[in-house]
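Below is one structure; the comments refer to it alone.
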Amino acid sequence: MTTQHIRPRDDLALMEGYHSPQVDVPVRLNTNESPFPPPPAFGERLAASVAEVQWHRYPDRAASELRTRIGELHGVGPEQVFAANGSNEVLQTLLLTYAGFGRTVATFEPTYALHAHIARLTGAGVIEGERDDEFVLHLDEVDRVLAAGDPQVLFLCSPNNPTGREEPRALVEAVLERMTARGGLLVVDEAYGQFASWSAVDLIGEDTPLVVTRTYSKTWSMAAARLGYLIGPAWVVAELDKIVLPYHLDVLKQQAGVIALELAEDMETRVAAVVAERERVMDVLAQLPVDVWPSGANFVLFRPRSRSGADVWNSLLQHGVLVRNCASWPRLEGCLRVTIGTAAEDELFLAALKEAL
Ligand SMILES: *Cc1c(COP(=O)(O)O)cnc(C)c1O
């Protein structure tokens, strides 16, 4: 008898998962992690708190202390904070709550692939708007997408991954006005918010349908911890709390999140160092035969002019430098994305790039 394997849902059967190949090389500049670990005090305090954990008890389901501390960081109360296992789980919970079958989600491409991917997983339709050749988003394109797709949820990403560009405040305000009038939800993904020149957190209020998502993965040097959150109106957070699995945040993660916030000054120092290093790398790239776009994040998108992106990516890899290969992605033909590393890592990258070009 031959066994018949059950097939996945028809609407998912042809989908590809999210891929970010991990290759073991000396210089890993492909996933926008922080090049610096958290300070030693982080590990010491976390180790001390492990000894206190009551392992036979469920963790605080509301993650009250974590939410309170995150709220303090942003000048809001805990009822305006929702935390989950990475900002990806924050996005998933948002989309389970506000997208799903019969609803539409708008993205503006190229942008973070998981916005559309998770929306589709929930059964929602996705309408993809476009940016211009310089990856700038124009308001008339937003209006076209709103008219054509009637989306309930609209994503902006600022700074945008993978282009690095920040959305101007005026554009975000104009989009927010439109989503408010329509009774929709605007999600601004600020995974790279601390590297940028402004934040949409200032626009959050109880009467505005805006949430801003953040992550511990990039700025807080805690990609391994899987912790992210959003700031938004209390009525949104209350709905998300109904949808997310109970006790989704384990006790150690809650403590890790609180301890990291106690060391916020160290984070700010690391972020400032990365921003200064980003400007240095940009200056060097400007002298090379590559197109490069402005970045408000901890990475830079560039396109080699003299050779194909794929060839340059391979050549960098042979020099032990791994960058993100976007060369075959729609709208990003020939582009590579490099994460800002330590000065030493960036030197190895720039030297290898010069040779490759
Ligand atoms: C890295 C990234 C995330 C994912 O963050 P996690 O908290 O690690 O899940 C979300 N959004 C954008 C734009 C990112 O680049």
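Counting starts at 1 for both ligands and their atoms, in listed order.
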Give the minimum heavy-atom separation between N160 and Y112, together with the two atoms involved. OD1-N, 4.3 Å
Ignoring hydrogens and geometry, is there a side-chain-to-backbone donor-acceptor pair from R337 to N30 under 3.5 Å? yes
Is a side-chain N or O of E333 found less than 3.5 angstrom from the main chain of R331, in a donor-acceptor match? yes
Could you pull out every N or O of ligand 1 that sits under 3.5 Å from a protein N or O, with the distance for each pair?
unit_1	atom_1	unit_2	atom_2	d
ligand 1	5 (O)	S87	OG	3.0
ligand 1	7 (O)	S87	N	2.6
ligand 1	7 (O)	S87	OG	3.1
ligand 1	7 (O)	T215	OG1	2.5
ligand 1	7 (O)	S217	OG	3.3
ligand 1	8 (O)	S217	OG	2.6
ligand 1	8 (O)	R226	NH1	2.7
ligand 1	9 (O)	S87	N	3.2
ligand 1	9 (O)	N88	N	3.1
ligand 1	9 (O)	N88	ND2	3.1
ligand 1	9 (O)	R226	NH2	2.9
ligand 1	11 (N)	D189	OD1	3.3
ligand 1	11 (N)	D189	OD2	2.7
ligand 1	15 (O)	N161	ND2	2.8
ligand 1	15 (O)	Y192	OH	2.6
ligand 1	15 (O)	K218	NZ	3.1

Taking the six-membered ring of F36 as reference, does the cationic atom of R270 (NZ for Lys, CZ for Arg) lie under 6.0 Å from its centre and within 45° of its axis? no
F82 side chain near V90 side chain, heavy-atom distance below 4.5 Å: yes
Whichever hydrophobic residues join Y247 through chains of side-chain contacts under 4.5 Å: Y58
